[in-house]
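Residue numbering restarts at 1 for every chain, and letters A, B, ... go by the order of the sequence lines.
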Amino acid sequence: MAQSLLPVPATSSATASSGPFRHQHNYAHLISTAATFPQLKQIHTQILKHQHHHLLFHLLLSSLSFPCSNTYSLSLLSAVPTPAPNLSNKLIKHLSRSNDPLITFFFFRTMQNKAFPVDRYSFPPLLKAASKSMALSEGKMIHGLASKMGFDFDPFVETALVGMYGTCGHISEARLVFDKMSYRDVVTWNTMIEGYCQLGLFDNVVALLEDMKSSDAEPDERIYTTILSACARVGNLDVGKIVHGLIDEHKLVIDSYLHSALINMYASCGAMDVARCLYDKLNPVNIVASTAMVSGYSEAGNVEAARLIFDKIIDKDLVSWSAMISGYAESDAPGESLRIFHDMIKSGVKPDQVTMLSVISACARLGALDQAKRIHLLVDDMGFGKALPINNALIDMYAKCGYLLAAKEVFDRMSRKNVISWTSMISAFAIHGDVDDAMNYFNHMKREGVEPNWVTFVGVLYACSHAGLVEDGRKVFELMVNEYGITPKLEHYGCMVDLYGRANRLRDALELVETMPMAPNVIIWGSLMAACRIHGEFELGEFAAKRVLELDPEHDGAHVFLSNTYAKEKRWGDVGEVRQFMKHKGISKERGCSTIEMDGRIHEFLTADKSHKETVQIYDKLDEVVDKIKRAGYVPNTSCVMVDLDEDEKGEAVLWHSEKLAFCYGLIRGERDSCIRIIKNLRICQDCHNFMKLSSKVFDKEIVVRDRTRFHHCKDGQCSCRDYW
DNA sequence: TTAGGGTTAG
């Protein structure tokens with residue numbers, strides 16, 4: 001769009017006697033309406049020409065609203081005559097509210113050198129600037145100056161000090177100032193409470209609310225809004241309910257802020273029923289409350305409900321779009337996340353870095369490499385290519401799209417790396433079964449002085465587990481506890497149980513489950529159960545499956561495991577009971593689903609799927625593939641199928657697994673491609689694994705399959721997992 | 001019209 005020009009260009013014939021620059025009020029108007037930085041500079045030229053130097057101060061204020069003009073503004077500051085105190089303070093306030101409040105102190109130093117007036121009104125905005133930029137040392141400096149000038153007993157200054165110390169995390173110093181105050185109003189109380197809220201010190205918050213009762217100040221809706229927002233952030237439903245109770249008790253008027261804060265608190269704490277009830281009473285709804293509902297539903301795993309609310313938001317803003325994009329990115333429908341993202345672009349709302357993090361994460365989940373590459377280019381175009389969190393996400397994305405080399409390239413090109421970068425890379429090696437590099441990078445990061453955190457250890461243990469390195473895993477676990485002082489979490493125990501289980505050390509696995517300091521969850525029992533299936537330990541497996549069902553009565557895997565186990569042992573009564581229960585509850589084995597990306601589109605195949613428009617060719621190709629690999633030694637392995645089908649049925653059930661269909665489609669459409677990439681929702685079965693290995697040799701293709709937990713790179717008849725998975 | 005406090009994602 002063309003930028004509006006000045007009414008009369010500075011190079012025109014406008015002089016002191018004619019045109020818009022003749023009168024001072026015209027300057028004032030021009031300064032306030034200047035739309036571009038060059039326009040402002042033109043006005044500057046005219047001001048100097050006509051010697052209206054007292055207008056330079058207005059010009060200075062105005063120049064602050066243009067980005068990247070700090071040097072210019074500072075030079076203006078050196079030239080302006082000393083203003084009245086109110087104007088001087090206006091400048092400080094302006095600076096403190098800018099996007100880069102830290103510059104306030106550069107300007108303030110110049111102002112002091114030029115002997116600009118400083119009075120008690122100067123201090124609150126100066127302290128605000130320190131808070132906003134978390135600049136404790138600047139804040140202390142201002143505190144010192146306030147004391148020197150005798151303003152540190154002004155209630156406004158004191159409140160600002162409480163705010164500054166609170167924001168900078170020095171809560172006891174904030175409290176010290178607070179306690180010494182002779183007069184506290186509701187804002188002071190709120191500022192102190194906010195400090196405690198930021199640190200999640202809710203006991204202090206509740207105590208302070210209690211103290212307020214014996215003070216002159218009554219808690220108002222703003223205080224409650226502050227607390228509710230903090231409760232929402234950390235998911236503290238208990239205190240949130242207490243606050244809700246107090247609001248009702250005091251019959252406070254619930255304005256839209258407070259109403260939205262209540263909705264947000266309940267939604268963030270997962271209490272969607274209450275949130276919904278409040279939301280339905282909110283009239284008119286507002287974008288904040290609606291966005292809170294979108295996030296709440298998404299987090300609760302109910303993206304459909306989130307979408308219904310999202311669709312009704314009239315003027316969607318960056319936050320609401322991003323909430324929906326993030327909701328889908330973490331759901332089972334990451335493709336929808338990308339579609340919404342494109343809608344957002346079309347609607348003209350500009351994504352920010354955080355939106356892009358969700359989009360990258362959606363790509364990672366989707367595993368679609370071409371999409372991923374396009375998003376990477378887009379992120380670079382948007383200027384986010386150097387941002388650390390973006391690069392960390394890109395590492396994860398490429399790794400999960402099966403392109404380990406690209407992940408490593410991103411990592412190598414990063415000028416700054418943090419623990420997340422290293423951890424992402426270690427986890428990348430882990431899911432690709434490259435335990436040596438996972439270990440190398442782990443040692444390398446330590447040499448670089450980057451301290452591993454609990455997530456790093458999950459990655460390293462995961463790598464050990466996938467490679468069956470029991471002793472190494474044990475050593476890493478001990479290192480974590482003894483040398484890094486990290487208390488093992490459920491995730492670490494999960495890795496260890498998996499490690500022992502897969503390595504057929506089921507007794508060790510069970511012992512760990514029974515002695516770990518917290519209650520094992522479904523994943524842990526499920527992992528033990530899976531290990532028992534692999535190693536044919538049906539008695540222990542039955543025990544584990546029953547523990548799984550205690551925690552999740554509708555767990556499909558446990559029911560299937562029990563049913564198969566009972567059938568193997570010819571306990572037909574038990575088989576019938578399990579089947580009956582599953583039928584009654586509508587539980588069935590999760591249907592296998594594989595996707596393959598072709599010509600920029602994602603093609604999805606379910607087990608025995610016949611809905612694809614090239615179904616006939618795909619099944620023909622399947623017959624052809626089976627013929628060819630049989631000559632290379634392929635023998636169908638039906639051990640993963642429900643055991644009471646007859647052998648023919650079993651053969652077909654295995655033959656039509658979704659990854660085989662996706663592979664055949666890849667063969668048909670990607671003749672020239674040397675690599676076929678498939679994403680599968682479940683673990684790959686023995687038969688498909690063998691099928692892929694042999695196909696990689698017979699058709700001379702690299703086949704990359706991502707299953708629920710790891711990658712299989714099949715080439716020349718071998719798999720990177722070395723058949724251990 | 002010279003100063004201090006509130007809501008949404010990651």
Side-chain angles (χ1 to χ4, degrees), chain A residues 83-94 96-97 117-129 131 146 151 154-164 166-167 177 181 183-195 197 217 219-233 243 254-265 267-268 275 279 282 285-296 298-299 306 309-310 313 316-330 351-361 389-390 393:
Chain A
N86 63 337
L87 282 182
S88 176
N89 290 331
K90 212 172 175 174
L91 173 61
I92 299 174
K93 186 173 150 189
H94 217 88
S96 72
R97 291 186 179 179
V118 174
D119 62 14
R120 63 201 170 100
Y121 292 105
S122 316
F123 287 95
L126 282 168
L127 290 164
K128 179 80 188 169
S131 306
F151 296 139
D154 178 290
F156 280 80
V157 177
E158 288 174 305
T159 300
L161 282 168
V162 172
M164 186 275 291
T167 312
V177 176
M181 289 175 73
Y183 172 78
R184 305 182 195 98
D185 69 5
V186 67
V187 178
T188 317
W189 285 93
N190 187 29
T191 309
M192 192 64 234
I193 286 174
E194 193 170 9
C197 279
D220 63 3
E221 61 273 23
R222 290 188 172 207
I223 289 193
Y224 289 133
T225 310
T226 302
I227 304 170
L228 287 170
S229 134
C231 291
R233 258 197 323 272
V243 170
I254 300 183
D255 65 8
S256 86
Y257 273 78
L258 187 50
H259 201 140
S260 308
L262 275 168
I263 291 169
N264 179 44
M265 185 276 293
S268 299
Y279 183 72
L282 179 65
V285 294
N286 62 60
I287 194 165
V288 173
S290 298
T291 306
M293 291 298 288
V294 168
S295 307
S298 299
E299 245 163 66
I309 290 185
F310 175 76
I313 301 178
K316 301 180 180 69
D317 64 359
L318 174 64
V319 181
S320 45
W321 280 108
S322 300
M324 195 66 248
I325 289 169
S326 145
Y328 276 118
E330 308 302 321
D352 70 355
Q353 218 187 87
V354 180
T355 320
M356 296 318 293
L357 287 175
S358 291
V359 173
I360 295 171
S361 140
I390 291 278

d(CD1, A/Ile313; C1', B/dT7) in whole Å: 14 Å

A/Arg222 CZ to B/dT7 P: how many Å, rounded? 10 Å

For A/Asn286, report the nucleic acid contact type (base, sugar-phosphate, nothing); a contact means any heavy atom under 4.0 Å. nothing

State whether the side chain of A/Ser358 and the backbone N or O of A/Ala329 hold a donor-acceptor pair below 3.5 Å, judged by distance alone. no

Does a donor on one side chain and an acceptor on the other come within less than 3.5 Å for A/Tyr279 and A/Ser290? yes

Using only heavy-atom distances, decide whether a donor-acceptor pair under 3.5 angstrom links the side-chain of A/Thr188 to the base of B/dG4. yes

Rounded to whole angstroms, how far apart are OH on A/Tyr279 and C1' on B/dT8? 12 Å

Backbone N/O of A/Gly163 and side chain of A/Thr167: donor-acceptor pair under 3.5 Å: yes

Under-3.5 Å donor-acceptor pair between A/Asp220 side chain and B/dG6 base: no

Should the side chain of A/Asn86 and the base of B/dT2 be counted as holding a donor-acceptor pair, with the cut-off at 3.5 Å? no

Under 4.0 angstrom, heavy atoms only, what part of the nucleic acid is A/Leu87 near: base, sugar-phosphate, or nothing? nothing

Roughly how many Å is it from OH in A/Tyr183 to C1' in B/dA3, rounded to a whole number? 14 Å

N or O in side chain of A/Lys128 less than 4.0 angstrom from B/dG4 OP1/OP2: no

Using a 4.0 Å heavy-atom cut-off, does A/Val157 contact any base of the nucleic acid, only the sugar-phosphate backbone, or nothing at all? nothing

As a test of reading the structure: which of B/dG6, B/dT1, B/dT7 is closest to the side chain of A/Val288, going by heavy atoms? B/dT7

What nucleotide among B/dG4, B/dT7, B/dT2 has an atom nearest to a side-chain atom of A/Ser229? B/dT7

Select base, sugar-phosphate, or nothing to describe what A/Ser358 touches, counting heavy atoms under 4.0 Å on all strands. nothing

Short question: side chain of A/Asn86, backbone of A/Asn89 - any donor-acceptor pair under 3.5 Å? no

Is A/Asn264 touching bases, backbone alone, or none of the nucleic acid, heavy atoms closer than 4.0 Å? sugar-phosphate

Nearest whole angstrom, please: distance from the P of B/dT2 to the CZ of A/Phe156. 13 Å

Separation of atom CE in A/Met192 from atom P in B/dG4, rounded to whole Å: 20 Å

Is A/Tyr257 stacked against the base of B/dG6, taking the criterion as centroid distance under 5.5 angstrom and interplanar angle under 30°? yes

For a quick check, tell me whether the side chain of A/Thr226 and the base of B/dG6 share a donor-acceptor pair closer than 3.5 Å. no

In whole angstroms, the gap separating P of B/dA3 from CG of A/Leu91 amounts to 14 Å

Over all strands shown, is A/Gln353 touching base, sugar-phosphate only, or nothing at heavy-atom distances under 4.0 angstrom? nothing

Under 4.0 Å between a side-chain N/O of A/Arg97 and OP1 or OP2 of B/dG4, yes or no? yes

Atom CG of A/Asp255 and atom P of B/dG6: how far apart are they, to the nearest Å? 14 Å

B/dA3 base stacked by A/Tyr121? Criteria: ring centres under 5.5 Å, plane angle under 30°. no

Determine the contact category for A/Glu299: base if any of its heavy atoms lies under 4.0 Å from a base atom, sugar-phosphate if only primed atoms, P, OP1 or OP2 are that close, otherwise nothing. sugar-phosphate

Please name the residue in the list A/Ile254, A/Leu258, A/Ile193, A/Asn190 that meets the side chain to side chain contact (heavy atoms under 4.5 Å, CB included) test with A/Tyr224. A/Leu258

Flag side-chain contact, heavy atom, 4.5 Å: A/Pro351 against A/Val359: no

What I want to check is whether an N or O donor and acceptor connect the side chain of A/Asn190 with the base of B/dG4 at under 3.5 Å. no

Just checking A/Ile223: base, sugar-phosphate only, or nothing, at a heavy-atom cut-off of under 4.0 Å? base

So how far is it from A/Arg233 CZ to A/Cys231 SG, rounded to the nearest 0.5 Å? 9.5 Å

For the side chain of A/Val186, starting at C-beta, report the closest nucleotide among B/dG5, B/dA9, B/dA3. B/dG5

